[in-house]
Every structure is written in C-alpha cells, then in structure tokens.
Amino acid sequence: MRQRLLPALVACVAVTGALAEPLDANASVGRRVYVEVCAACHANGVAGAPRFGNRAEWEMRLLLGRKELMRSVLKGKGAMPPKGGNASVSDLQAEAAMDYMLSGVR
C-alpha cells in the first residue's frame, strides 16, 4: 500500500509547490504596482482614498464585493482615475494590486 501511495504523495507535493510559485509572483506584482502607482494616494488617503491597512476606511468598500471593487480599479471612481492613472498597468496587474491592498485589511 505504501509503495502505491508514495508516488501520489510526491505528485501532490510537486503540484502544490508549482501552484505556490504563481501566487507568490502575483503578490510580488501586486506589491510592486501598489508601490509604483497606488501608494501615491492610498498610503496617505489623498482625496479620500482608503488608506492601505485601514480596515475602517475599507469596510464599506469590502461590502461591495470583489467584482465591484475591480470595476472601480479598472474604470476609476471619484477622484481615482482608471488604474490609478497609469494606463500601462494591465488588468491582471491591477487585480494583483487590488488583492495586495485587500490583503492589508483582512
């Protein structure tokens, strides 16, 4: 029995390791985009932007749900222009940045 389970266990560990890498890369991309684009306003609450890590300021936005938050990121909202004013940011990079900012309030 052990001899049959070992290859399956090794395969699971290999797949888990492979899946962890893109998640780490996504977090890295999200942090980079946040620092380069989003932090200009979200670090200090410029023009009413919810500050990174301030759960109270994000509370009502979190209730909107992920889809609506992403719509705001891509299309802009209030004083925030689409993609924080950097049109060169891809949709995936913008989503990674949103995930990074949300990770600060969970």
Give me the ring orientation class for Tyr34 and Tyr100: parallel if the planes are under 30° apart, tilted from 30 to 60°, perpendicular past 60°.
tilted
Please check this pair: side chain of [X] against backbone of [Y], looking for a donor-acceptor N/O pair closer than 3.5 Å.
| X | Y | result |
| --- | --- | --- |
| Trp58 | Arg51 | yes |
| Asn44 | Val46 | no |
| Glu68 | Gly65 | no |
| Arg61 | Glu57 | yes |
| Lys75 | Pro82 | no |
| His42 | Pro50 | yes |

Over all heavy atoms of both residues, which pair between [X] and [Y] is shortest? Give the atoms and the distance, please.
| X | Y | answer |
| --- | --- | --- |
| Val89 | Lys83 | O-NZ, 2.8 Å |
| Cys41 | Ala49 | O-CB, 3.8 Å |
| Ala96 | Asn26 | CB-OD1, 3.2 Å |
| Arg55 | Val105 | NH1-O, 2.6 Å |
| Met98 | Arg66 | CE-NH1, 3.3 Å |

Please say yes or no: joined through hydrophobic side-chain contacts below 4.5 Å, possibly via intermediate residues, are Phe52 and Leu64 part of one cluster?
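Different clusters.
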Test side-chain contact (heavy atoms from CB on, under 4.5 Å) on Leu102 and Leu62; report intermediate values, then the result.
CA-CA 9 Å; Leu102 293 177; Leu62 292 171; 3.5 Å; yes
As an exercise, state the distance from [atom1] of [X] to [atom2] of [Y], rounded to the nearest 0.5 Å.
| X | Y | atom1 | atom2 | result |
| --- | --- | --- | --- | --- |
| Ser72 | Lys67 | OG | NZ | 13.0 Å |
| Glu36 | Ser88 | CD | OG | 9.0 Å |
| Leu69 | Glu95 | CG | CD | 11.0 Å |

